[in-house]
Amino acid sequence: MSTTRTYDQQELEALVRRALSRRQFLGRTALAAGTLALGSSFATACKGKDATAGAGASAAATATKTVRVSNWPLYIDSATNGQFETATGIKVEYTEDVNDNNEFFAKIEEPLKRGQSIDRDVMVLTDWMAGRIIKLGYSQAIPTGPFPNKANLVDGLTNVGFDPGRAHSMPWMSGMTGLGYNPKKIGRELSSISDIFDPKFKGQVTMLTEMRDTLGLVMLGEGKDPGNCSLDDAKAAAAKIKKYRENGHIRAFTGNDYAEDLASGNIAVAIAWSGDIQGLAADNPDLRWIAPKEGAMLFSDNMLIPKTSDRPDLAATWMNYVYDPAHSAQIVVAAPYLSPVKGTAAELEKLDPALAKSQLVNPPEDVRARLHVFKWLEDAEDKTFNQLFQDAIGA
Amino acid sequence: MAGIAAGGGRRSRLAPWLLVAPGILWLLAFYFIPTLPWYDGYARTFTDYHEHLARSFGYALTATIAAIVLGYPLAYVMAFRAGKLKNLLLGLVILPFFTTFLVRTFAWKTILNDGGPVVHLLGWLHLLPPAGRILNTVVAVIGGITYNFLPFMILPIYVSLEKIDRRLTEAAQDLYCNPRQAFLKVVLPLSLPGVLAGSLLTFIPASGDFLNAELLGSPNQKMLGSVIQGQFLTVRDYPLAAALSFVLMTIIMILVISYTRVLGTEDLA
Amino acid sequence: MDSVITLDHVSKRFGAYVAVHEAHFDIQRGEFFSMLGPSGCGKTTTLRMIAGFEQPSGGRILLEGQDVSRVPPYQRNVNTVFQHYALFPHMSVRDNVAFGPRSKKAPEAEVAKRVDELLSVTRLTQFAARKPAQLSGGQQQRVALARALVNYPSALLLDEPLGALDLKLRQAMQIELKRIQREVGITFIYVTHDQEEALTMSDRIAVMNEGLVEQIGSPEDIYHSPARVFVANFIGVANLLPATVVGEMENRLVVSLEGDVRMETANPAWGAKPGSKGTMMIRPESLYFRESGKGLPVRLTAAAFSGPAIRLVLTTGSGIEMIAHVPSDGPRPVLEPGRSYVVSWDPEGARLLPPKSARSPLDMNLRPTLELAQQFYPNSVV
């Protein structure tokens with residue numbers, strides 16, 4: 001009805017996003033400052049609500065018809081949930097309390113281990129964490145009955161290593177990890193991962209603290225496939241990172257606070273998330289994000305139903321709703337990432353033609369072909385890789 | 001009668017111990033026992049992480065000294081010279097606490113921006129090389145720590161200065177000390193308990209701090225706190241994280257005890 | 001006599017408030033000189049100017065003949081015993097006492113010798129290693145004294161040094177102070193609001209009030225020949241009766257009191273003549289108390305036995321209260337409260353004091369500042 005209004009809202013949300021993005025706000029630091037405390041109170045609050053109490057409790061819960069969702073901040077538009085409530089009569093209790101995979105996991109691990117309710121029916125976590133949760137048996141299968149739109153999942157994501165056949169998880173959004181830079185500032189365009197290590201940029205490079213994103217991209221630069229890498233590949237990549245960290249080439253390892261530094265010109269090149277740059281571009285039209293020619297990392301955040309949820313059908317009904325291409329497009333306008341829902345591009349064309357053309361939301365085929373997903377790491381392997389990476393980044 | 005009195009006496013002697021018993025048991029069960037040295041994490045603290053350890057204490061020590069150098073004169077002015085401005089100055093010292101630690105530290109990122117006025121000014125004064133920067137350097141980290149803990153230095157020093165009888169300065173001057181000598185021989189020694197308290201309040205949290213290093217430093221300035229955090233949350237090597245914490249705590253305790261011994265607070269009536 | 005300290009028309013103002021006005025006197029070598037007055041009278045300010053903690057707003061201070069008005073305290077050879085001693089809490093008794101000589105960079109052997117000497121004079125030798133907090137009030141007092149005297153100052157300034165002690169200790173310390181002063185032979189300038197203390201110890205007393213020196217004299221002078229009503233009232237007990245001079249004969253005056261009762265008195269120095277108004281001052285022990293006869297009629301209100309004397313409270317016809325002391329074991333009238341008696345005195349036992357308004361020409365200048373003075377010193381007698 002009014003594209004102007006939609007655009008304003010998008011702009012506004014983009015501004016907010018810059019301060020408070022869906023990824024780690026303040027990097028891992030916010031986490032340390034307060035989360036452990038929050039986490040323990042969260043766990044305490046969950047105690048005594050034993051989800052295995054029985055069918056009586058379950059029936060009563062269904063009667064209230066409320067679906068409880070945990071998601072990352074600024075990862076949805078403001079209308080979709082209300083429209084869902086009107087359409088289905090199911091209330092949504094939507095909480096933006098996922099700020100960090102590890103942090104969220106620390107909160108839910110204990111109650112789930114003991115089979116206690118965490119008062120959530122849907123939670124959205126990144127691939128590797130989703131895989132860990134499925135592997136630990138902390139999730140339950142997504143009912144297919146109320147979820148006919150499950151068929152709208154894009155082909156590339158239907159079969160992932162950590163969840164064959166997508167029985168337990170459905171992607172919420174995908175994002176790309178590539179390079180962010182300001183061509184005006186550095187005086188040229190970038191195309192390769194090796195540009196990160198250009199001596200000209202000494203002290204003006206940041207990388208992400210997210211192990212899979214940074215290690216994966218560096219591996220791609222070395223000609224290795226992060227989707228099928230060996231420990232030696234990881235060691236080589238880690239050693240390269242460590243070398244450039246120690247000689248002062250890399251200025252910092254960050255959460256999405258690199259965005260501030262990139263916008264203010266403190267840094268020349270950042271390993272950056274596509275959605276962040278889309279958000280920043282509202283204020284800094286010069287900023288650019290590219291998927292380097294060697295490839296870029298693809299990550300997805302996935303919806304899971306905790307094993308102790310007593311209303312999986314309501315959860316699946318909600319998932320079904322957001323898997324409608326029209327609804328998905330509406331969400332993408334507010335959260336410019338890659339939708340995993342088929343047909344979203346066409347719907348987006350109607351809502352926001354400019355955005356629909358952005359490669360950040362709708363990457364062309366050649367970019368899609370270069371996207372890689374980090375391989376699934378078993379628990380012990382995960383620890384080893386993380387230890388390597390922590391050592392490489394100096395922490 | 002006697003029996004009742006004796007019983008009462010014993011109860012009152014035991015009472016304090018009974019009151020602290022839960023706390024002591026808690027410490028034994030959750031701090032001491034899990035950290036008994038039957039595990040190689042302790043050795044790794046000194047092999048793999050000796051640089052982080054050295055940075056933690058080096059930065060904390062430098063920041064503590066910087067806080068004394070900055071904080072003592074300010075506390076002195078507030079206690080002796082500020083007159084009506086005293087309460088205003090005290091308020092200004094406490095004011096930063098109204099925002100969180102995190103936001104205050106983030107503010108420094110903006111202030112110390114490569115393109116910001118501070119860097120420009122220092123470059124103009126030739127205190128900084130042409131392409132130099134402050135953000136993501138040791139200077140920013142130590143500066144951030146100093147800034148964040150400065151009030152903990154100022155307030156105890158202020159309190160100990162405020163307690164000093166003004167006539168003692170007069171007495172010293174009456175006994176042939178010029179103002180400088182009077183300060184060195186009377187005011188300074190009497191304010192040492194405040195300096196001691198301030199140093200501990202600064203040094204202890206500063207050596208466990210990692211936020212300033214994370215936000216204002218480069219990866220080559222990470223402190224042991226960062227490692228502990230990473231091990232707890234990312235690598236999930238809880239034993240190693242616990243061992244690192246325990247080593248940090250033990251070293252802090254040893255340093256604190258030797259420091260208080262050397263400064264000998266018990267000598268100051 | 002040579003003077004150690006000379007105050008040459010010294011004044012001190014704090015803003016509009018006049019703390020000391022034109023103080024002008026000498027203090028002699030070896031003298032025990034007291035400045036006495038209520039709080040706020042300017043005595044402590046005067047002492048602080050001598051010590052160097054305050055600079056005079058007008059006039060000069062001479063120390064051993066040298067103008068030291070602008071010399072900082074650490075370059076003046078006077079030392080102070082502070083009101084609450086101001087001992088250095090972080091130093092032992094010995095280090096406190098050695099503080100002055102060490103500041104003057106005296107050789108350590110010399111310091112030790114002098115400190116030992118003073119510790120012995122003040123009977124503190126056995127406490128040398130203690131900290132001030134481990135000493136009693138009287139011992140701290142003696143440390144403060146030793147710490148000042150060890151410098152052999154030209155004058156020792158004492159600011160209410162016994163104020164913090166209880167009565168018994170005070171009296172003991174009064175004697176002790178006097179002994180020490182005689183032993184070391186140093187000029188003591190002693191500030192107190194306690195008239196008994198001043199009378200007991202001093203060679204001379206300067207009575208101060210509202211920034212003015214009202215009278216300087218020996219304790220006897222001040223007690224028996226007060227120059228003004230304030231002095232008479234402040235030192236001891238004085239009976240004060242409004243009087244008018246009605247006659248003059250040789251060196252005596254005839255004055256008329258209430259009810260036109262006529263009495264004789266010595267002619268005072270302030271130039272009273274027939275027609276002058278003034279105040280008759282008679283000390284309680286100078287009153288003769290009789291059942292009848294020549295004198296001022298009074299009514300007995302109360303009588304209190306106080307050992308050697310009986311203290312009588314009397315009221316004159318116009319309602320003025322008088323105090324009389326009669327020996328408790330001598331002949332005296334039967335005491336019956338409510339009955340009428342008569343009091344009289346020898347001409348030498350009474351003084352005619354100038355009226356209040358004639359107290360001093362400076363009084364007028366000071367008036368506007370008095371309200372201010374009361375803010376600073378609410379207990380002052382204004």
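Atom set for the values below is all heavy atoms of this structure, side chains included, hydrogens, waters and symmetry mates excluded. In what follows, chains are A, B, ... by sequence order, proteins preceding strands, each numbered from 1.
- Rounding to the nearest 0.5 Å places CG of A:Asn102 at 13.0 Å from CZ of B:Phe232.
- For A:Lys185, the NZ atom sits in a packed shell: over 12 heavy atoms of surrounding residues, nucleotides or ligands are nearer than 6.0 Å.
- Residue A:Phe385: no heavy atom, backbone or side chain, is found under 4.5 Å from chain B.
- Rounding to the nearest 0.5 Å gives a distance of 5.5 Å between CG of B:Leu135 and CG of A:Asn266.
- In terms of heavy-atom pairs under 4.5 Å with chain A, the best-connected choice from B:Asn136, B:Asp48, B:Thr137, B:Leu224 is B:Asn136.
- When the shell of 6.0 Å around NZ of A:Lys240 is examined, it contains more than 12 heavy atoms from other residues, nucleotides or ligands.
- With rounding to the nearest 0.5 angstrom, the OG atom of B:Ser218 is 10.5 Å from the CD atom of A:Glu246.
- Note that CG of B:Asn220 is 11.5 Å distant from CD1 of A:Ile393, once rounded to the nearest 0.5 Å.
- For a residue to count as touching a neighbouring chain, one of its non-hydrogen atoms must lie under 4.5 Å from one of that chain's; by this rule B:Tyr49 touches chain A with the side chain only.
- Using a 4.5 Å cut-off on side-chain heavy atoms (C-beta onward), A:Arg251 and B:Asp114 make contact.
- A:Thr254 places none of its side-chain heavy atoms less than 4.5 Å from the side chain of B:Glu214.
- Taking CD of A:Gln204 as the reference point, atom CZ of B:Arg133 lies at 8.0 Å (rounded to 0.5 Å).
- With a 4.5 Å cut-off on non-hydrogen atoms, B:Glu51 does not touch chain A at all.
- Using a 4.5 Å heavy-atom cutoff, the side chains of A:Gln390 and B:Thr234 are in contact.
- Interatomic distance, A:Asp261 CG to B:Lys109 NZ, rounded to the nearest 0.5 Å: 4.5 Å.
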